[in-house]
Amino acid sequence: MALAAPERSSCATGDADTVASVADAFEALSAAAPEGWRVELIEGEIHVVPPANGEHEEIVAEVADQVSGRRKDAKLRTRTGLGLNVPGASLTGKVVPDLVIAPKGSFGDALEYHDPSPVMLVGEVTSQSTAQNDRGPKLRGYARAGIPFYLLVDREAQQVTLYSEPVGPVYTRETAVALSKTIALPAPFDFEIDTGEF
């Protein structure tokens with residue numbers, strides 16, 4: 001079953017009727033989405049994403065396991081399926097990264113979409129349906145939100161990139177390695193992710 005939202009151009013945030021109609025459409029699609037599907041609002045466009053395939057989920061699980069097993073700060077926790085309010089990524093900023101790393105207790109409320117300020121790292125693993133958003137709007141949104149690190153596992157490009165040092169809508173530092181190599185995560189992580197395990 002496929003759900004689709006009509007393509008929309010980004011709208012000025014001052015137009016209250018447009019913001020309300022996009023937010024209403026987002027809420028309606030979120031309520032109607034089958035279990036496992038994700039609905040995201042990115043730079044003013046609603047995206048309905050089907051469940052990830054097994055390879056995608058294996059990579060997300062591997063990154064989460066490596067972070068959990070090698071982290072220097074025992075208070076850091078990895079989360080999957082956590083909604084974030086990413087200011088500037090869209091009219092309402094509602095996204096669901098594949099992986100979120102933040103200190104324990106950062107999201108102890110009943111909200112579905114959370115303030116990203118405690119987030120230390122977000123991770124995305126590309127799929128055919130999400131790759132363009134992961135490389136563009138989400139990259140800019142995570143930088144604008146001031147999230148210190150964005151780890152992008154680009155399966156199509158066979159590359160893993162760590163973006164850091166956000167300034168406005170850009171990350172000013174970028175380190176990329178081919179899949180199968182290791183990539184260093186600086187402090188507070190202070191370890192290498194072995195992408196050969198993906």
Side-chain angles (χ1 to χ4, degrees), residues 36-38 40 42-43 47 49-84 86 89 95-104 106-107 114 116-167 169-198:
W37 288 62
R38 294 188 322 192
E40 297 181 314
I42 304 168
E43 291 188 340
H47 299 268
V49 183
N53 65 29
E55 180 187 53
H56 177 281
E57 291 304 293
E58 286 290 331
I59 293 171
V60 171
E62 182 62 34
V63 173
D65 286 350
Q66 287 191 36
V67 170
S68 295
R70 299 175 183 170
R71 67 182 185 251
K72 304 294 185 210
D73 184 345
K75 293 180 182 177
L76 291 179
R77 297 290 185 269
T78 58
R79 298 157 181 88
T80 58
L82 182 78
L84 294 177
V86 178
V95 296
V96 183
D98 290 326
L99 182 73
V100 173
I101 301 174
K104 181 179 180 178
S106 295
F107 309 108
H114 303 272
S117 61
V119 175
M120 299 301 302
L121 180 145
V122 289
E124 298 285 2
V125 177
T126 62
S127 299
Q128 285 185 338
S129 61
T130 66
Q132 289 306 104
N133 286 333
D134 294 340
R135 296 180 194 124
K138 284 188 175 182
L139 174 66
R140 293 186 294 272
Y142 296 149
R144 275 191 295 263
I147 296 172
F149 299 100
Y150 174 32
L151 184 70
L152 176 63
V153 179
D154 194 326
R155 293 190 289 171
E156 291 74 21
Q158 291 291 295
Q159 179 174 290
V160 179
T161 305
L162 180 67
Y163 297 93
S164 60
E165 300 178 17
V167 176
V170 297
Y171 282 99
T172 60
R173 186 174 197 131
E174 172 181 331
T175 304
V177 299
L179 276 176
S180 81
K181 304 293 183 186
T182 60
I183 189 163
L185 296 184
F189 305 101
D190 292 320
F191 69 88
E192 293 185 340
I193 289 182
D194 182 1
T195 72
E197 295 295 320
F198 295 176

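Just the heavy atoms: all of them, side chains too, but no hydrogens, waters or symmetry mates, feed the values below. Everything quoted here is computed from the prediction, not taken from an experiment.
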**Student:** So, for Val86 and Gly141, which heavy atoms are closest and what is the spacing to 0.1 Å?
**Tutor:**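 Closest approach of Val86 to Gly141: CG1-O, 3.1 Å.
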**Student:** Do you know which two heavy atoms are closest between Ala143 and Pro166, and how far apart they sit?
**Tutor:** O-CB, 3.5 Å
**Student:** Using modelled atom types and a 3.5 Å cut-off, is there a donor and acceptor pairing between side-chain atoms of Gln66 and backbone atoms of Asp194?
**Tutor:** yes
**Student:** Could I get the full list of side-chain hydrogen bond (donor to acceptor under 3.5 Å, both in side chains) partners for Glu156, not counting sequence neighbours?
**Tutor:**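 Result, side-chain hydrogen bond (donor to acceptor under 3.5 Å, both in side chains) vs Glu156: Thr126.
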**Student:** Can you measure from CG (Asp73) to CG (Asp190) and round to the nearest 0.5 angstrom?
**Tutor:**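 Between atom CG of Asp73 and atom CG of Asp190 there are 10.0 Å.
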**Student:** Could you state the interatomic distance from CZ (Arg70) to CG (Asp65), rounded to the nearest 0.5 Å?
**Tutor:** 10.0 Å
**Student:** Taking C-beta and beyond as the side chain, do Val95 and Asn133 meet within less than 4.5 Å on heavy atoms?
**Tutor:** no
**Student:** Closer than 3.5 angstrom, by distance alone: can the side chain of Thr195 be matched with the main-chain N or O of Lys181 as a donor-acceptor pair?
**Tutor:** yes
**Student:** Say you draw a straight line from OG of Ser106 to NZ of Lys75; how long is it, rounded to the nearest 0.5 Å?
**Tutor:** 11.0 Å
**Student:** Not counting sequence neighbours, which residues clear side-chain hydrogen bond (donor to acceptor under 3.5 Å, both in side chains) with Gln132? List them please.
**Tutor:**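 For Gln132 the side-chain hydrogen bond (donor to acceptor under 3.5 Å, both in side chains) partners, ignoring immediate neighbours, are Arg135.
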**Student:** Are Phe189 and Phe149, when compared by the centres of their aromatic rings, separated by less than 6.0 Å?
**Tutor:**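 Close enough - the centres of the two rings lie under 6.0 Å apart.
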**Student:** For Phe191 and Val67, which heavy atoms make the closest approach, and how far apart are they?
**Tutor:** CZ-CA, 3.7 Å
**Student:** OG1/Thr172 to OH/Tyr163 distance, rounded to the nearest 0.5 angstrom?
**Tutor:**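 Going from the OG1 atom of Thr172 to the OH atom of Tyr163 covers 12.5 Å.
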**Student:** Just so I know, are the side chains of Leu185 and Leu162 near enough to count as touching, which here means a heavy-atom distance under 4.5 Å?
**Tutor:**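 Heavy-atom side-chain distance check passes, below 4.5 Å.
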**Student:** With Val160, which of Ile59, Leu151, Val125, Thr182 fulfils side-chain contact (heavy atoms from CB on, under 4.5 Å)?
**Tutor:**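 Answer after filtering Ile59, Leu151, Val125, Thr182: Leu151.
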**Student:** Within a strict 4.5 Å, meaning less than it, do heavy atoms of the Leu139 and Leu152 side chains meet?
**Tutor:** no
**Student:** Calculate, to the nearest 0.5 Å, the distance between atoms CG and CG belonging to Leu121 and Leu76 respectively.
**Tutor:** 9.5 Å
**Student:** Looking only at heavy atoms, which two atoms of Pro188 and Lys72 are closest? And how far apart?
**Tutor:**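 Where Pro188 meets Lys72 most closely, the heavy atoms are O-CB, 4.2 Å.
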**Student:** Rounded to the nearest 0.5 Å, how far apart are CD1 of Ile101 and CZ of Arg71?
**Tutor:** 9.5 Å
**Student:** Answer yes or no: is there a side-chain heavy-atom contact under 4.5 Å between Ile193 and Val63?
**Tutor:** yes
**Student:** Can you confirm whether Asp134 sits close enough to Tyr150 that some side-chain heavy atom of one is under 4.5 Å from a side-chain heavy atom of the other?
**Tutor:**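 Yes; the side chains approach each other to less than 4.5 Å.
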**Student:** Under the rule for salt bridge (charged side-chain N to carboxylate O under 4.0 Å, His left out), what residues qualify as partners of Glu165, not counting sequence neighbours?
**Tutor:** Arg173
**Student:** Looking at every non-hydrogen atom in both residues, tell me the closest pair between Val96 and Gly83 and how far apart they are.
**Tutor:** CG2-CA, 4.2 Å
**Student:** How about Glu124 and Thr130: do any of their side-chain heavy atoms sit closer than 4.5 Å?
**Tutor:**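 In short, these two side chains do not touch, never coming nearer than 4.5 Å.
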